[in-house]
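The next block holds one structure in the form of structure tokens; read it before the comments.
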Protein chains: 2
Amino acid sequence: MRVPRQVVEARRLRLTELLQERGYLPISDLCDELGVSEATARRDLSALESEERITRTYGGALGEFNASFISFRERLREETEAKNAIARTAVSLIKPGMRVYLDAGTTAFSIAQELRRNLPEGLTVITNNLALIEPLGSLPSAKTILLGGQLLERQSVLLGDEAVRAAALQKIDLAFLGAQGMTAEGLWNSQRDIIRLQQAVMKRATLSFFCLDHSKLGHKAPEHLADWSSISALICDLSIPELRRSGILLKPGTLISPSSI
Amino acid sequence: MRVPRQVVEARRLRLTELLQERGYLPISDLCDELGVSEATARRDLSALESEERITRTYGGALGEFNASFISFRERLREETEAKNAIARTAVSLIKPGMRVYLDAGTTAFSIAQELRRNLPEGLTVITNNLALIEPLGSLPSAKTILLGGQLLERQSVLLGDEAVRAAALQKIDLAFLGAQGMTAEGLWNSQRDIIRLQQAVMKRATLSFFCLDHSKLGHKAPEHLADWSSISALICDLSIPELRRSGILLKPGTLISPSSI
DNA sequence: ATAGATATGACCGGGGTCAATCATTTACTC
DNA sequence: GAGTAAATGATTGACCCCGGTCATATCTAT
């Protein structure tokens, strides 16, 4: 028996919401909840999957727990090698008892993962990056401080005045920051709010390290973040000559490359 | 062929990490990644499931997105009816454009879910409760502000000086708070840090509502949180006479019961 | 060194899942 | 109002998943 389009749409919406809430549901549960036959439940799942609103699994389906987390995870897979190398380098710079800032982005996530393997004593991590809760929250011997701020829709990041204010109250030994691009003019990022927070952090940090992999070379973004003169060091899987070819001239000792550790 | 215990543990750790990263993995992929047979992969899954470190599904497994969320979800199932009624009552008190505080606990989570269904215009939600990110983060028309603070191990809550300081800077119209018990002497909670934050919030809030279901009646906890005289109202699925039987005497209008809406 | 415990992989029967097909009912369209 | 397209549920055969058992190999404790 054919049913109005609206009913179908409503049911599928309800299905996505159910999956968002519960994470995973086996087909039989879906049928119960929606009051339809298995066949229809399957058809709904196929439809929603082709729209990329859910993920099917054998025997059930997953809500796209957090659409942002997925794209985050995907980005995480790009340049894994370089990012891991940079993360190892970053962690090797941390001494026991330090207070360290990790900002948003996938490189910071790699650093957090590396910290799980190789954790200095008495570390305090300060961040605005909610994605780090997973890797860091379960470490008993590290303290994790989250800056306050406004939750960005579809991103797992805290920003805004609150975040800047909270950052200005922190004592930070090392800040590990990311950026979307680097050119001869310096470092670039896309959002004003992100840059405001990064600048507030840099002001409070004894040393500010920027962590960028080679894929960022030559890219420009809408907003200028920092000059090369204002950063403590660049952690990057490129050599001095390679950087120079793009017009980036660094003072000696300002480049830390993963191979050198 | 038996293998050292350490190897098994290492593989299982790797498995949980894989699942944490990728969210869902079918068994066959797990075998490839870990280089073991299907049987062993299954055994690992069973072991990790009994430790509640992952969630099995038919045909694969899920990482425990957040281990704490699960026990949280389980608590959520207790007294669902009462909590939902309280949540609906709470939401009915919210007017468009208000700034509302939700604290930790499952009742606040119910309120957040109710807000998804029934969202006042221009709402701002302020919270220290990370579990609310899921339901609230994806609402485009509401603003969510997270207080800063120290991440509590295995709890999805932010506490400490930072949180108190951040709360003291907020403008709050309505605060919806929870507690672990209520007796004639007032409201009780277990942790000092939680109470400090709740008191800071109460100081900043125009109205403070405490939301407790009937199961909290007569329970005492280590720390005294508030007298009955200091709260704006109690939202509770109990009647005045029922409360009086436990020695709780409320001024008229101080009890808001779900049935009365 | 020996015995017992434990991890592993292969195999199998039972049962669940999936996609395709078909008949039926009902909503849309002209 | 008639025809067409869409949605649904039932069925079916192929495929896949699961837990158990068993033989085997290796670690560990005595």
Side-chain angles (χ1 to χ4, degrees), chain A residues 1-65 67 70 73 116-117, chain B residues 1-65 67 70 73-74 77:
Chain A
M1 53 248 253
R2 188 176 182 181
V3 118
R5 187 68 205 201
Q6 189 188 346
V7 172
V8 179
E9 295 297 340
R11 190 186 55 229
R12 292 186 180 170
L13 188 65
R14 175 128 174 274
L15 203 166
T16 56
E17 280 173 4
L18 271 173
L19 288 174
Q20 293 279 4
E21 255 178 55
R22 309 254 261 271
Y24 168 83
L25 277 179
I27 296 262
S28 60
D29 288 18
L30 286 176
C31 300
D32 292 352
E33 292 281 355
L34 301 176
V36 295
S37 75
E38 215 173 87
T40 302
R42 279 181 213 289
R43 275 186 279 254
D44 284 354
L45 290 181
S46 311
L48 290 170
E49 189 189 28
S50 67
E51 296 170 30
E52 302 193 340
R53 298 177 41 88
I54 62 162
T55 305
R56 290 192 75 177
T57 70
Y58 198 95
L62 303 171
E64 212 57 60
F65 340 29
I70 291 297
R73 282 169 210 282
R116 284 186 68 87
R117 281 192 285 275
Chain B
M1 52 266 245
R2 189 177 179 181
V3 120
R5 188 65 200 217
Q6 190 189 347
V7 172
V8 178
E9 294 298 338
R11 190 185 55 229
R12 292 187 180 167
L13 188 65
R14 176 130 173 270
L15 202 166
T16 55
E17 279 172 6
L18 272 171
L19 288 173
Q20 293 280 2
E21 254 178 57
R22 310 256 259 271
Y24 169 84
L25 278 179
I27 297 262
S28 60
D29 287 19
L30 285 177
C31 299
D32 293 350
E33 291 280 354
L34 301 176
V36 295
S37 75
E38 217 173 85
T40 301
R42 280 181 213 290
R43 274 186 281 254
D44 284 352
L45 291 180
S46 313
L48 291 170
E49 189 189 30
S50 67
E51 296 170 29
E52 301 192 342
R53 295 175 45 87
I54 62 163
T55 303
R56 292 192 73 176
T57 69
Y58 198 94
L62 301 172
E64 210 55 71
F65 338 29
I70 284 299
R73 277 172 209 279
E74 273 163 19
R77 297 228 177 92

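All figures in this text were calculated on a predicted structure; none of them were measured in a lab. Only heavy atoms go into these numbers, but all of them, side chains included; no hydrogens, no water, no symmetry mates. Each chain gets a letter, A, B and so on, in the order its sequence line appears, and its residues count up from 1.
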Checklist line | Under the salt bridge (charged side-chain N to carboxylate O under 4.0 Å, His left out) test, residues paired with A/Glu9 that sit two or more places apart | finding: A/Arg5
Check: Are any non-hydrogen side-chain atoms of B/Glu17 and B/Leu13 less than 4.5 angstrom apart?
Finding: yes
Margin query: Checking A/Leu15 against A/Arg11 for the side-chain contact (heavy atoms from CB on, under 4.5 Å) test, could you report, in this order, the C-alpha distance in whole Å, the side-chain angles of both residues, the deciding distance, and whether it holds?
Written below: CA-CA 6 Å; A/Leu15 203 166; A/Arg11 190 186 55 229; 5.8 Å; no
Check: How does each nucleotide of nucleotides 5-17 of chain C score, in 5' to 3' order, for protein heavy atoms under 4.0 Å: base (B), sugar-phosphate only (S), or none (-)?
Finding: BBBBB-----BBB
Note to self: Output the rounded distance in Å from CG (B/Asp29) to C1' (D/dC17).
What the structure shows: 15 Å
Check: How many Å lie between CD on B/Glu9 and C1' on D/dC27, as a whole number?
Finding: 15 Å
Notebook entry, point to check: Which atoms form the tightest heavy-atom contact between A/Arg12 and A/Leu48, and what is the distance?
Noted result: O-CD1, 3.7 Å
Checklist line | Atom-pair distance (CG on A/Leu45; C1' on C/dA19), nearest Å | finding: 13 Å
Which atom pairs, one a donor and one an acceptor, fall under 3.5 Å between side chains of residues 27-36 of chain B and the rest of the protein, sequence neighbours left out?
from, atom 1, to, atom 2, distance (Å)
B/Glu33, OE2, B/Arg22, NH2, 2.8

Item checked: Length of the CG-P vector between A/Leu15 and D/dT8, whole Å -> 12 Å
Item checked: Intermediate values then yes/no, side-chain contact (heavy atoms from CB on, under 4.5 Å), A/Thr55 and B/Tyr24 -> CA-CA 9 Å; A/Thr55 305; B/Tyr24 169 84; 5.7 Å; no
